[in-house]
Amino acid sequence: MPIEIKELHIKAVISDEKKTEVTGTVSAEEITKIRKELTKEITEKVIRILHQKNER
């Protein structure tokens, strides 16, 4: 049975769990790495939520 998603709400919460002071510049490699990690984490959470809604 196909699933149709009419709306998708993405909510991000940023917390100050790790307070670190950043000085200087960030390299392009580091930015790419952070983007990939963030995308992976968000995708996993969205999939987890979709599975939870599917089980109901």
Treating Ile, Leu, Val, Met, Phe, Trp and Tyr as nodes and any side-chain heavy-atom pair under 4.5 angstrom as an edge, say whether Leu50 and Ile10 lie in one connected cluster.
->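 Both belong to a single hydrophobic cluster.
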
Partners meeting salt bridge (charged side-chain N to carboxylate O under 4.0 Å, His left out) with Glu41 (sequence neighbours left out) |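 Expected list: Lys45.
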
Under the salt bridge (charged side-chain N to carboxylate O under 4.0 Å, His left out) test, residues paired with Lys33 that sit two or more places apart |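 Partners of Lys33 under the salt bridge (charged side-chain N to carboxylate O under 4.0 Å, His left out) test: none.
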
Is the number of heavy atoms from other residues, nucleotides or ligands under 6.0 Å of Glu29 CD greater than 12?
->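 Counting other residues, nucleotides and ligands, CD of Glu29 stays at 12 neighbours or fewer.
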
Calculate, to the nearest 0.5 Å, the distance between atoms CD1 and NE2 belonging to Ile49 and His51 respectively.
->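 One gets 11.5 Å once the value is rounded to the nearest 0.5 Å.
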
Roughly how far, to the nearest 0.5 Å, is CZ of Arg35 from CG of Leu38?
->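 Here the interatomic distance stands at 10.0 Å.
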
